[in-house]
Amino acid sequence: MAADKVYDVVVVGAGASGGTLAAHLARAGVDVCVIEGGPAINTRTDFNTHALPYQFENRAIPTMKPGKPGFDSERSRGVGGKSLTWNAVAWRFSERDFKGRTYEGAGEDWPFHYADLAPYYSAIEREVGVCGNRDGLEDLPDGEFLPPVPMKCTDVAVMKGAAKLGVKVIHVRKATLSRPMKGRPACHFCGNCMAGCDVVAKYNSADVHLKPALKTGKLTIRPNAIVREVTVSNENRVTGVKYIDRESRREGEVRACVVVVSCACVQSVALLQMSKSRLYPDGLGNSSGHLGKHFIPHFTGGVQCFLGEFVGKTSVNDEGYLDHAYIPSFMHNRKRDYARSFGVQFNYQNRRAVGWARMVKGFGASYKQAVKERYPAFLTFAPYGEMLPGKSHVDLDPNVKDSYGLPRARRHVFYSENDIKIFKDMTKWSVEILKAAGADILAVGEEPRTNHELGGARMGADPKTSVVNQWCQSHDVKNLFVVDGAVFPSASEKNPTHTMMALAARTAERIAGELKRRSL
């Protein structure tokens, strides 16, 4: 990497958003550099993909094999980012999700419609391979799908129970191949999806987007570079990024005409907050004062149970690709005293981990027998609720720094009355569905827990109340973009990564066009 080189675009972060955006830019002829805080990772050999608990101390399986760095802190992941270890669930948001305030008077509208993003959803589905069924649901738009995988026997039992309550269970939609595609094999159902996929049946940005894009000659990847600042000129233009080498601790710099921050929500917000200057003493692009505000992570509940008809059955290898079924939002057309809704992921636990056994009563031989009998029947039910924008926010800890001397990002989560109502109702429905399926309830989560992190640099049409516009472009700095979950003005109850990737493809097209027109 020549010290005096100026790239067209530098992208900070090599996960699903950054990898998608960089690949689309490179294919459009844009000279792009991806800066990643973690190391390059060999997805075929570096993960403990098929390890078993008894092989490790305390039966805890580390993500990386001994001697392989990466995924050891928030600021040290690897080329591919969280896409290497995600569960690959891929939903499209609906018009109701993009226009929640218009529909229900709650939340925040996105500054565009579903129809504006639909072509990019389709493009991503064709590129990466998303399997699923076309269910014809208004609030869960269909896409360009590979065939779905069969439901498990326990999925069918839940489906029958849910049907008694008028609740629909559908095939899950995942960026995991159900049949070979573009040199990638179909999933072989080892059940270790969130430990890395060593054959790339499951999408990751490193193998599916970045490596092919290297062939264009327009992509440079700089791993082990922890970005500490986005630099801005006196003329109010970003000029590149300054970074710390993860291994040598030396400082470096990459210059570019355009900077795209795609670090993954909280870290993207933190980087902008760290990038203070004379022009932006409160954080880069923060003239509105809204940077860090409107943090809207999903919140989850949790019910653990044993499905009665499977207790004592012979154990079989049915991990599959973890969850094969899903309960989509069904509350929008039902009477309720709260806004927005929830969906339910279930059966995605990995049976290599049996922490639930600690809750089974008994001792000695009878206890062991009770665990063995219940092993085939265990099921985890996890409803996901949509948090409304409120007091939750992200900031920098003024006292605590990481090992690189950078301030740690802090998450401040406050649940509103509406959030708590959703949590209580989605928990109630979860228990009722499972009981209708003949389940014996083992444990019910009493408090919401945060999951997918979203918001903090939200998009909007009004520069006074948002950080970026509909193109993920800073209102304040024309050649600065933020492209990941941080820009979400509302969360939906659906897993967000597919929408992040569609946004990345849309933004890449915009940036490439603006560079061609010399208007950035």
Side-chain angles (χ1 to χ4, degrees), residues 47-64 71-72 85-87 152-155 157-158 161 189-196 297-325 327 344-385 413 423-424 426-452:
F47 290 110
N48 286 302
T49 303
H50 296 117
L52 294 171
Y54 64 77
Q55 296 173 303
F56 300 90
E57 186 178 0
N58 298 322
R59 300 200 174 196
I61 305 174
T63 302
M64 310 300 292
F71 292 85
D72 50 1
T85 55
W86 70 317
N87 192 24
K152 304 176 189 180
C153 294
T154 46
D155 296 334
V158 171
F189 292 164
C190 71
N192 296 303
C193 308
M194 287 185 277
H298 284 148
F299 56 88
T300 65
V303 181
Q304 295 179 318
C305 71
F306 302 108
L307 292 174
E309 65 181 281
F310 299 95
V311 174
K313 292 287 183 68
T314 301
S315 295
V316 295
N317 181 15
D318 66 344
E319 293 283 13
Y321 65 177
L322 301 183
D323 44 338
H324 288 203
I327 297 178
V344 185
Q345 288 184 249
F346 63 96
N347 229 351
Y348 64 84
Q349 77 285 349
N350 191 307
R351 288 186 172 84
R352 296 179 303 163
V354 287
W356 55 266
R358 297 186 182 94
M359 291 183 282
V360 176
K361 297 179 180 179
F363 185 78
S366 62
Y367 166 74
K368 293 178 180 179
Q369 183 62 29
V371 172
K372 287 180 180 179
E373 288 177 352
R374 285 162 178 75
Y375 183 81
F378 179 72
L379 184 137
T380 293
F381 218 67
Y384 282 62
V413 177
F423 174 76
K424 290 180 178 179
M426 70 189 195
T427 300
K428 177 182 73 72
W429 273 99
S430 295
V431 171
E432 290 180 358
I433 289 169
L434 290 171
K435 286 184 175 180
D440 177 19
I441 305 298
L442 175 66
V444 179
E446 296 180 354
E447 300 289 339
R449 296 163 296 172
T450 60
N451 204 288
H452 309 117

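We're numbering straight along the sequence, starting at 1.
For R449 (side chain) and G301 (main-chain N/O), a donor-acceptor pair under 3.5 Å exists by modelled atom type. In this structure, N48 contributes its side chain and P62 its backbone to a donor-acceptor pair below 3.5 Å. The closest donor-acceptor contact from the side chain of N451 to the backbone of F299 lies at 3.5 Å or more, if one exists at all.
Counting only heavy atoms from C-beta outward, the side chains of M426 and V344 never approach each other to under 4.5 Å. Residues F346 and T154 fail the side-chain proximity criterion, which asks for heavy atoms closer than 4.5 Å. Using a 4.5 Å heavy-atom cutoff, the side chains of W86 and M194 are not in contact. Here the side chains of V158 and F381 are in contact, with some heavy-atom distance below 4.5 Å. Contact annotation: the side chain of T85 approaches that of F47 to within less than 4.5 Å [non-hydrogen atoms, C-beta and beyond]. Between W429 and P383 the shortest side-chain heavy-atom distance does not fall below 4.5 Å.
Scanning for side chain to side chain donor-acceptor pair (under 3.5 Å) contacts around N87 gives K174, D323, with sequence neighbours left out. With sequence neighbours excluded, the residues forming a side-chain contact (heavy atoms from CB on, under 4.5 Å) with K435 are V431, I441, listed by chain and number. Looking at residues two or more places apart in sequence or on another chain, you find no ring pair (Phe, Tyr, Trp, His ring centres under 6.0 Å) involving F423. Qualifying ring pair (Phe, Tyr, Trp, His ring centres under 6.0 Å) partners for Y384, counting only residues two or more places apart in sequence or in other chains: H452. For the side-chain contact (heavy atoms from CB on, under 4.5 Å) test, residues two or more places apart in sequence or in another chain that qualify with D72 are S76. For E432, the salt bridge (charged side-chain N to carboxylate O under 4.0 Å, His left out) partners at least two apart in sequence or on another chain are K428. Residues forming a side-chain contact (heavy atoms from CB on, under 4.5 Å) with A437 (at least two apart in sequence, or on another chain): L307. Applying the side-chain contact (heavy atoms from CB on, under 4.5 Å) rule to E57 yields no partners; only residues at least two apart in sequence or on another chain are considered.
Closest of all the heavy-atom pairs between K152 and H324 is CE-CD2, 3.9 Å. Summarising the geometry of A436 relative to G161, their closest heavy-atom pair is CB-O, 3.4 Å, with the distance given to 0.1 Å.
The distance from atom CG of L52 to atom CZ of R59, rounded to the nearest 0.5 Å, is 10.0 Å. Remark: L379 CG to Q304 CD distance equals 9.5 Å, nearest 0.5 Å. D440 contributes atom CG, which lies 12.0 Å from atom CZ of F378 (distance to the nearest 0.5 angstrom).
Tested against N347, the residues D318, T380, D155 include a single side chain to side chain donor-acceptor pair (under 3.5 Å) partner, D155.
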Check: Hey, mind stepping through L434 and V303 against side-chain contact (heavy atoms from CB on, under 4.5 Å) and telling me if it holds?
Finding: CA-CA 9 Å; L434 290 171; V303 181; 3.5 Å; yes
Considering only distance and modelled atom types, tabulate donor-acceptor pairs under 3.5 Å from the side chains of residues 356-369, sequence neighbours left out.
from: S366; atom 1: OG; to: F363; atom 2: O; distance (Å): 3.0
from: Y367; atom 1: OH; to: A357; atom 2: O; distance (Å): 2.6
from: Q369; atom 1: NE2; to: E373; atom 2: OE2; distance (Å): 3.3

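Other residues, nucleotides and ligands place no more than 12 heavy atoms under 6.0 Å from the CD atom of E447.
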